[in-house]
Amino acid sequence: MGYFERNFEAIKLNRKLLYDGINQLNKNTISEKIEHIYSCQTKDGDYAIVVRKENKEYRLNSIYSPHKEAMKWLEQYKLDIMDNIIAIFGFGSGSLANEIIKVMHDSNTLIIYEPSIEIFLHALNNYDLYDILTDDRVRIIVDKINDFEFHSTLRSKLKVTNLLTQINCSLPKYSELFPESELLFWKTIKDACNFARININTNLRFGNRFITNVCKNLKYLKNSYSLFDLKNVISTDVPAIIVSAGPSVEKNIDELKRVKGKAVIFAVDRILDYLLDNGVVPDFVSTVDPMKPVKYFSVRDDINIPLISFMEANYEILEQHVGDKVIVNSSKYLSYLYEDLNKPCPLLISSPSVATVTCTTCVELGFKTIIFVGQDLAYNGNVTHAGGVEEAPRGEENLYTEDINGNKIKTRYDWKEFITWFQDLIYLHPEVKFIDAKTEGAKIKGTEVITLKEAIDKECTRNFKPFSLKENKTFSSDDMIEVKEYFNNDLKTLDEIDRSAKEALLICKKMVKSIEASKNNELFIIKSSEKLRKINDYILKQPIYWMIDDFITANNIDILGDVYIFSDNIKDDRIKTYKKSISMFQCIIDAVAFIKPNLKEGINNIV
Amino acid sequence: MNNLKELLIGSKKLIKITTDLLYQQKGKEGLANLEELISILSELVSEIIRIKSLGTSINIDEEQLLKIISDALNALEEKDMILLSDILQYDLNELLDELLEII
């Protein structure tokens, strides 16, 4: 078997998107900018890639020893930091990647972006890439094949613990060969960092509120339905229409009235009153934000349209709403409860807006056609929402995106994020037809842009079968006895966590004192570390820890920022580790003090 | 000869520092060190000429040295820092090692 066959087999078994992309390659995909690629033998018997572009030759590796060059290059980085991300612009012959995977920590992710299909194919044909291609810590992204994976991987991997330690760099010569792609590489990293910061800020802002909401919303478990219960009864052979709050909804009211019964209408919380005021009654309304003001849900107190919601959504809105509640995300903490009671657990992936969550819900429910209405994602003059609402700009005066006609249109940073998110979802679901029913506004790649009238005439041609949730509640009365018992046990677990954290805190204090005094203390440290490990293991494996984790992220984020950064001085590192552990255990103690009364109240409210 | 030996050892140290930086794509710092390297290499050549002028024979392949310098300058002109590092790290270093052995 030659290099290509072996490499390609490894791709087939380990990298589906890349494999599909390579199989779909055609001549039009190949860039014409590169004139020739070949490999020359280096003085140590290895090979180096040479690329000719615009009559100039670029050798991508050392002519003497690509291996030693890679080793030298690696010396500048610390690759043993846990949970880190290494993003490299350029794959070349894979010599650098080969060296990195030998030394990087098992918890690290190596993301390689190759801007040239030709270079990648040349490497597949001429180099043994088996170890790289079969290493699940490595993501390989090739321009025009699976470039979508670059930003999605970065966004899923970047977090508070590696934002400061991530390693990003370009291979030699790649900046000269592919300056435009390199710019895009750095811009994608910058955007992903911003995205991570937004997530961190969200956790900072909402962490405590997540806990309060989940506890206050426990009482709705009794009569709740899950995403799966809804999936069992809903008709998905007609389109779903997701009505968001953009200004263009105003132009579509008559069409929305016309389509009632021929498509399942999902309204986001903020557009509900506007629709009701104008005689459109949606089939579902959704809310997910932990602190969305009630006035942005409804001023009415008789809303009985089924509510699609997260358990972490604002409890005040769930209180205001008097109808059936469909839980599409139970929170990680409650997932253990569902599991304990042998119920399929709704854990819909969280995303940046109520509209994106509603869209994921529709995909998960199995709709094959999804129509967006009011998903403008751009300013209409100064108007931001239907009903002539003008929200003040958020410090991004000159942010633009492409509109549906190919022109520039003013947008907001959060709307841009939503566009990216929709595009990713659309990419991942080629089986679903997405229609963006609007005549102006931001372009969402992958959607068919037509008017709502055209969409209805084309797609909504028959009435759907009415459905009822009534017989499909997730938890029976008997189940609810177990549910209450489950939470009561967690109250006891919280007490045990509190006791353990206090013990661990004392151990850490003694260890810091001992190390600072430079006593001959190896035995003491080994014994104490073992005790701490046991306590940690106990705390971390408790389902309630997921709530504690929310609290820690919100209240002690500075511990997490450099938690995996160590110096070369063992004594200093030990002192730093145990001092951080002191803060961490104190935070766990504080978390228990915050969660316990909330959970108690939540249990008492379960009737 | 002691001065020549010191210059050879000093040159080799600077070659390592310079090429490490250039292989790591730290062009600015690498080029700053390259200036220092050129300066010490000039001293080295002057010292060889001085010793030779005193009638002491030093068996150095001058053609090879000139070729290395010419290749290095070409690489520098082309801004090919990896090739420049290769030339310094392997060709020049090898020549300096040979010289160290014979003095």
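In the text below, chain A, chain B and the rest are named by the order of the sequence lines, each starting its count at 1.
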**Asked** So, A:D147 versus A:Y113: side-chain donor-acceptor pair below 3.5 Å or not?
**Response**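 Note: A:D147 and A:Y113 side chains miss the donor-acceptor criterion.
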
Does a sphere of radius 6.0 Å around NZ in B:K52 hold more than 12 heavy atoms from other residues, nucleotides or ligands, not counting ones at 6.0 Å or beyond?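 Result for NZ/B:K52: enclosed.
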
Listing, residues 82-90 of chain B side-chain donor-acceptor contacts under 3.5 Å, not counting sequence neighbours, or none:
unit_1, atom_1, unit_2, atom_2, d
B:S85, OG, B:M81, O, 2.6
B:D86, OD1, A:S62, OG, 2.8
B:D86, OD1, B:Y23, OH, 2.5
B:D86, OD2, A:S62, OG, 3.1
B:D86, OD2, A:I63, N, 2.8
B:Q89, OE1, B:T19, OG1, 2.9

inquiry  = Heavy-atom cut-off 4.5 Å, strictly under: side chain, backbone, both or neither for A:L74 against chain B?
reply    =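 A:L74 has no heavy atom closer than 4.5 Å to chain B.
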
Q: First locate atom CG of B:L41, then atom CG of B:L92, and finally report the distance between them rounded to the nearest 0.5 Å.
A: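 B:L41 atom CG to B:L92 atom CG measures 5.5 Å (nearest 0.5 Å).
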
Checklist entry - Less than 4.0 Å between a side-chain N and a carboxylate O, is that true for B:K12 and B:D97? => result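 Looking at B:K12 together with B:D97, the answer is yes, because their closest N to O distance falls below 4.0 Å.
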
Practice task
Could you pull out the closest heavy-atom pair between A:I141 and A:F150, with the gap in Å?
Solution key: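 In this case the closest contact between A:I141 and A:F150 is CG1-N, 3.7 Å.
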
- Among residues 53-61 of chain A, which ones touch chain B with a heavy-atom distance under 4.5 Å?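 Only A:K56, A:R59, A:N61 of residues 53-61 of chain A have a heavy atom under 4.5 Å from chain B.
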
